[in-house]
Participant: 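Following this message is one structure expressed as structure tokens.
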There are 2 protein chains.
Amino acid sequence: MNVLDSAVKLLQENEIRPSLTRIHILAYLLTNPVHPTVEQIYQALLPQIPTLSKTTVYNTLDLFLAKKLVKPVGVEYKEKHYDANTQNHGHFFCRVCEKIFDFDTHYIETETPELKGFQIEAKNVYYSGVCLDCRHKNKHKEDKNEKFEGNQDC
Amino acid sequence: MNVLDSAVKLLQENEIRPSLTRIHILAYLLTNPVHPTVEQIYQALLPQIPTLSKTTVYNTLDLFLAKKLVKPVGVEYKEKHYDANTQNHGHFFCRVCEKIFDFDTHYIETETPELKGFQIEAKNVYYSGVCLDCRHKNKHKEDKNEKFEGNQDC
DNA sequence: TACAATATTGTAATCATTACAAATAAAGAG
DNA sequence: CTCTTTATTTGTAATGATTACAATATTGTA
């Protein structure tokens, strides 16, 4: 099965109508696992889809994000946040109250065969989800609707 | 010793002239470990320093970053990058070639007492430094100048 | 005091992203 | 097939955080 077909299948499985643009953007992401930006995707597909608009790339990626077909690389807040604690430590971002919590990561000992010979200068660990307070505040909702899902592949 | 004094000391230790503005910004960061944004710092200090300019906050934080007095929270690229691999995995950013490498994080098993009861929905691991290729290409430089430093607290 | 170096400020530019409304294409009903 | 509705795509303009830059103010030193 070629990439175009895989893309169509993936789209259908996620209840996204497989328009040409969507197929191409998804196929590009699948065949070019270089963590591309909107600009890169746009430039790469322009020859094949001359009428393509950058807005469409944004829209399509937002749709893919919502359907969890793609993930953003990095932890993107609107504004930069600064930390006077320069020790290596983890950050937990609560998507409800939008607070950032610190946690210790000393016990995280990693052997990363893929990075053998790499010069690792900084290690960052970011978790996200719902903090204890916000879980309690929304306990009633949690039981009823889909707003709070159980842990996924964590 | 109060916070102002600690701030002065920290600045001097890092060869930064302890101007009033710098003292206040650093003291704010030390006493408010809430990972503030430029806007937050600016708004908080405006009553005390009515002539404060937001540009100064930016400049000062850039200086602090350069002297490693503060760290940015999150992994900030100029543009968003997208990944069609939605499995949890780590990313390594090479600051020389600016490529992003994937690595497996399955063996990272974490027990985080600080996050007990938190609903963890996503785990992200970001390393940065210099990749193998770029280290090799710059071997000659690596021995001579300060461009490539050894690992720090990793 | 006077000079030079450093800090701070305000305005304007930049640039990724978003909002929004118009244009186009596709699907469904008759 | 044709009309009507809905979904998709597009282009332009706005937003908002950050940066560039030149002007002003402050500090340290002779």
Side-chain angles (χ1 to χ4, degrees), chain A residues 7-8 10-12 14-28 35-67 69-83 98 100, chain B residues 7-8 10-12 14-28 35-67 69-83 98 100:
Chain A
V8 172
L10 245 175
L11 290 170
Q12 287 172 335
N14 288 273
E15 290 163 322
I16 300 171
R17 203 183 299 170
S19 73
L20 249 196
T21 311
R22 289 168 177 169
I23 296 168
H24 274 90
I25 292 178
L26 183 55
Y28 179 81
H35 317 87
T37 62
V38 166
E39 182 67 26
Q40 277 179 279
I41 298 170
Y42 175 69
Q43 293 300 342
L45 296 184
L46 209 47
Q48 307 163 50
I49 315 175
T51 62
L52 185 63
S53 150
K54 215 183 275 186
T55 305
T56 302
V57 180
Y58 276 106
N59 289 342
T60 305
L61 287 171
D62 282 350
L63 177 68
F64 288 178
L65 279 175
K67 298 279 189 172
L69 266 174
V70 300
K71 272 172 81 172
V73 176
V75 181
E76 308 281 344
Y77 306 105
K78 253 210 307 272
E79 309 168 59
K80 254 189 203 139
H81 293 253
Y82 294 88
D83 198 341
E98 304 199 330
I100 299 169
Chain B
V8 171
L10 245 174
L11 290 169
Q12 286 171 335
N14 288 274
E15 292 164 320
I16 300 171
R17 202 185 296 172
S19 73
L20 251 196
T21 312
R22 287 167 179 171
I23 296 169
H24 274 89
I25 292 177
L26 184 54
Y28 179 81
H35 317 87
T37 62
V38 166
E39 182 67 27
Q40 274 178 280
I41 299 171
Y42 175 69
Q43 293 299 342
L45 297 184
L46 209 47
Q48 306 164 50
I49 314 174
T51 62
L52 185 64
S53 151
K54 214 183 276 186
T55 305
T56 302
V57 181
Y58 276 107
N59 290 341
T60 306
L61 287 171
D62 282 350
L63 177 67
F64 289 178
L65 278 176
K67 298 279 189 173
L69 266 174
V70 300
K71 274 171 80 172
V73 176
V75 181
E76 309 280 344
Y77 307 104
K78 254 209 309 270
E79 308 168 60
K80 253 189 203 138
H81 293 253
Y82 295 87
D83 197 341
E98 305 200 328
I100 299 169

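Letters A, B, ... are given to chains in the order of the sequence lines, protein chains preceding strands, and every chain is numbered from 1.
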Participant: Pairs under 3.5 angstrom, nitrogen or oxygen only, protein versus nucleotides 22-25 of chain C, please.
Facilitator:
none

Participant: What nucleic acid atoms does B:T51 come within less than 4.0 Å of, heavy atoms only: base, sugar-phosphate, or nothing?
Facilitator: sugar-phosphate

Participant: In residues 75-82 of chain A, what donor-acceptor pairs under 3.5 Å come from side-chain atoms, sequence neighbours left out?
Facilitator:
residue, atom, partner, partner atom, Å
A:E79, OE1, B:T37, OG1, 3.3
A:H81, ND1, B:H35, O, 2.6

Participant: Just to verify, what does A:N14 make a side-chain contact (heavy atoms from CB on, under 4.5 Å) with, not counting sequence neighbours?
Facilitator: A:L10, A:I16, A:L69

Participant: Starting at atom CD1 of A:I49, determine the distance to atom P of D:dG11, rounded to an integer number of angstrom.
Facilitator: 13 Å

Participant: Just grab all the salt bridge (charged side-chain N to carboxylate O under 4.0 Å, His left out) pairs involving residues 44-58 of chain B, residues at least two apart or on different chains.
Facilitator: B:E39-B:K54

Participant: Whole Å only: how far is the CG atom of A:L52 from the P atom of D:dT8?
Facilitator: 16 Å

Participant: Can you measure A:L63 atom CG to C:dT18 atom P for me and round it to whole angstrom units?
Facilitator: 14 Å

Participant: Just to verify, what does A:P18 make a side-chain contact (heavy atoms from CB on, under 4.5 Å) with, not counting sequence neighbours?
Facilitator: A:V8, A:L11, A:Q12, A:I23

Participant: Quick one: A:L65 CG to C:dT17 C1', roughly how many Å, whole number?
Facilitator: 13 Å

Participant: Please name all residues satisfying side-chain contact (heavy atoms from CB on, under 4.5 Å) with A:Q48, sequence neighbours left out, ordered by chain then number.
Facilitator: A:H24, A:L45

Participant: Under the rule for side-chain contact (heavy atoms from CB on, under 4.5 Å), what residues qualify as partners of A:T56, not counting sequence neighbours?
Facilitator: A:T21, A:L52, A:S53, A:T60

Participant: What distance do B:L26 atom CG and B:S19 atom OG have between them, rounded to the nearest 0.5 Å?
Facilitator: 10.5 Å

Participant: Take the protein atom CG of A:L11 and the nucleotide atom C1' of D:dT8, then report the distance between them rounded to whole Å.
Facilitator: 14 Å

Participant: For the residue pair A:I100 and A:D83, establish whether any side-chain heavy-atom pair is separated by less than 4.5 Å.
Facilitator: no

Participant: Could you run down nucleotides 13-30 of chain D 5' to 3' and tag each one B, S or - for protein heavy-atom contact under 4.0 Å?
Facilitator: ----SBBB-------S--

Participant: Does the pair A:I49 and A:T51 meet the rule for a side chain to side chain contact (heavy atoms under 4.5 Å, CB included), with working shown?
Facilitator: CA-CA 6 Å; A:I49 315 175; A:T51 62; 4.1 Å; yes

Participant: It should be established whether A:T56 places a side-chain nitrogen or oxygen under 4.0 Å from OP1 or OP2 of nucleotide D:dT10.
Facilitator: yes

Participant: Base, sugar-phosphate or nothing for B:T37? Non-hydrogen atoms, less than 4.0 Å.
Facilitator: nothing

